[in-house]
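Worksheet: the structure to be examined is printed underneath.
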Amino acid sequence: MNFEIEAFDNDTKARAGEITTSHGKIKTPIFMPVGTLGSVKGVNQRDLIHDVKAQIILGNTYHLFLRPGMETIQMAGGLHKFMNWEKPILTDSGGYQVFSLAENRKLKEDGAHFSSHIDGSKHIFTPENVVDIQRIIGADIIMAFDECTPYPCDYDYAKKSMQLTHRWLNRGIKRFEETDPMYGYNQSFFPIVQGSVYNDLRIESAETIASYESDGYAIGGLSVGEPVDEMYDMIDVVNEILPKNKPRYLMGVGTPVNILEGIARGIDMFDCVMPTRNGRNGMLFTRDGIINIKNVKWKNDFTPIEKNGASFVDESFSKAYLRHLIVSKEILGAQIASLHNLSFYLWLVTEARNRIIDGSFAKWKNEMIQKLAVRL
RNA sequence: GGGGAGAUACCAAAGUGGCCAACUGGGGCAGACUGUAAAUCUGCUGUCGUAUGACUUCGGAGGUUCGAAUCCUCCUCUCCCCA
């Protein structure tokens with residue numbers, strides 16, 4: 001994997017670049033639609049490429065490991081072939097699942113012991129077997145196994161957790177270096193910064209992570225409920241330390257505003273379930289603000305979902321029609337909303353990239369942030 | 001013509017003397033959702049701008065009772081069965 005920075009913004013820390021993977025190039029900054037189970041919920045692969053213009057998507061180690069299971073994925077020849085997706089894939093390691101499925105998990109030095117949410121069967125994830133699993137999945141970018149601390153999180157726990165994540169990182173990298181890709185193309189391994197909302201922990205973690213030579217670096221443990229200003233502060237602190245010439249991935253973020261603020265702070269990659277999940281639940285992100293399409297005020301509004309929007313659905317269907325579909329729980333409603341939101345997110349980062357290159361990013365970003373916060 | 005059952009809030013449906021402004025569903029309205037156990041979850045849904053408060057409700061009109069959606073009388077309407 002290679003990363004070329006094409007332009008730095010003059011007014012902010014934003015950068016525009018290009019990642020080259022075995023499955024093609026990724027223009028950054030980029031938003032990566034989340035496809036946990038080998039499916040971006042509600043959007044098929046063809047639309048992802050041609051309408052959303054997704055350049056890379058996510059898969060999830062935890063979910064794919066439990067179902068369909070590694071035997072199936074391996075027999076298919078990896079996740080790319082299984083889901084017929086020829087562009088890059090990044091897999092999350094399952095660290096977030098261990099955090100969000102708190103009820104059944106037990107963290108030990110060797111790894112995370114947990115019960116399947118599907119059938120209750122007991123499993124263990126270790127830094128090593130998570131690498132092995134991601135080798136089988138065959139993602140272009142695989143993630144270290146970390147603990148994503150909740151918020152709030154007291155200092156002592158955050159520190160111990162971070163140290164555990166670092167020890168796990170060391171083991172994960174070792175396993176990654178000892179093993180080879182299974183399908184004839186390269187994979188990259190991203191370590192993850194933790195440290196909750198504590199400056200000194202974030203600094204220590206970023207320095208530890210940066211000491212490993214890697215194709216890219218991730219920031220985890222944010223957007224878990226902390227005030228956004230704390231999140232922005234942590235990004236600033238960490239990005240001072242992470243290598244300037246490597247992609248930085250802010251995990252799980254976020255709202256359109258979060259993404260613009262992240263870009264301005266030097267983040268290159270984002271992922272979030274928000275455009276799809278919130279879309280399914282009736283929230284639409286547009287250039288003029290947020291629409292709750294379920295609200296009765298759209299009932300007889302026959303104007304397009306979004307004039308000059310990023311997706312074909314924006315002009316094809318009216319707000320009144322989409323509202324009807326969502327309110328009626330029609331599957332098509334979820335599909336249209338997901339397509340719209342993802343297209344908007346991809347438009348947003350593409351436009352940011354263009355603005356960074358032509359030097360108008362800072363002004364544009366501030367104008368957009370004003371508009372994006374509006375509730376229509 | 002004969003016999004039977006029933007009318008409760010937007011709909012469906014509990015409740016058959018006080019704990020009932022009335023269970024529960026649905027519908028409606030609003031909110032939440034950030035590395036997806038989420039096509040999910042939460043709140044409100046008689047009126048009074050808030051309320052451990054006030055007021056008006058259970059087909060209609062009377063009545064019994066300290067007290068009625070619940071008991072009695074009459075009326076209106078609906079449904080079912082037999083001719």
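Just so it is clear, the structure is predicted and the values come from calculations on it, not from any experiment.
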Tell me: [atom1] of [X] to [atom2] of [N], nearest whole Å?
X	N	atom1	atom2	answer
A:M283	B:A39	CE	P	16 Å
A:D271	B:U36	CG	P	7 Å
A:L37	B:A39	CG	P	11 Å
A:I137	B:G35	CD1	C1'	14 Å
A:E226	B:G35	CD	P	12 Å
A:Y96	B:U36	OH	C1'	8 Å

Considering only [options], which nucleotide approaches the side chain of [X] most closely?
X	options	result
A:V296	B:G31, B:C29, B:A38	B:C29
A:V273	B:U36, B:G31, B:A37	B:U36
A:N60	B:U36, B:A39, B:U34	B:U36
A:I192	B:U36, B:A32, B:G35	B:G35
A:K41	B:U34, B:G35, B:A39	B:A39

Short side-chain N/O contact from [X] to OP1 or OP2 of [N], under 4.0 Å:
X	N	value
A:T276	B:U36	no
A:Q97	B:G35	no
A:R323	B:G28	no
A:N295	B:G31	yes

### Query
Is any side-chain N or O of A:D146 under 3.5 Å from a base N or O of B:G35, one able to act as donor and the other as acceptor?
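Check passes, donor-acceptor contact within cut-off.
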
Scan the side chains in residues 359-366 of chain A for donor-acceptor partners under 3.5 Å anywhere in the protein, sequence neighbours excluded, and list what turns up.
residue, atom, partner, partner atom, Å
A:S360, OG, A:R355, NH1, 3.4
A:S360, OG, A:D358, OD1, 2.6
A:K363, NZ, A:E367, OE2, 3.1
A:K365, NZ, A:E261, OE1, 3.2
A:N366, ND2, A:A362, O, 3.3

### Message
Between A:R202 and A:E240, does any side-chain N to carboxylate O distance fall below 4.0 Å?
### Response
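Salt bridge: no.
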
#### Entry: Ionic contact status for A:E109 with A:R167, cut-off 4.0 Å
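Result for this pair is yes, salt bridge flagged.
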
### Partners meeting side chain to side chain donor-acceptor pair (under 3.5 Å) with A:N10 (sequence neighbours left out)
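None.
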
### Task
Considering only atom P, compute the distance from B:A7 to B:A13 and round it to an integer number of Å.
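It comes out at 9 Å once rounded to the nearest Å.
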
Would you mind writing out the side-chain donor-acceptor pairs for residues 213-221 of chain A within the sub-3.5 Å range, not counting sequence neighbours?
residue, atom, partner, partner atom, Å
A:E213, OE2, A:K246, NZ, 3.1
A:S214, OG, A:F189, O, 2.6
A:S214, OG, A:G216, O, 3.0
A:D215, OD2, A:S188, OG, 2.5
A:Y217, OH, A:Y212, O, 2.6
A:Y217, OH, A:S214, N, 3.1

May I have the list of side-chain donor-acceptor pairs in residues 368-376 of chain A shorter than 3.5 Å, sequence neighbours left out?
none

N/O-N/O pairs, protein side and nucleotides 40-43 of chain B side, under 3.5 Å:
residue, atom, partner, partner atom, Å
B:U40, N3, A:N281, OD1, 3.4
B:U40, O4, A:N281, OD1, 2.9

### Query
Which residues in residues 193-208 of chain A have at least one heavy atom lying under 4.0 Å from any atom of RNA chain B?
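RNA chain B contact set from residues 193-208 of chain A: A:Q194.
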
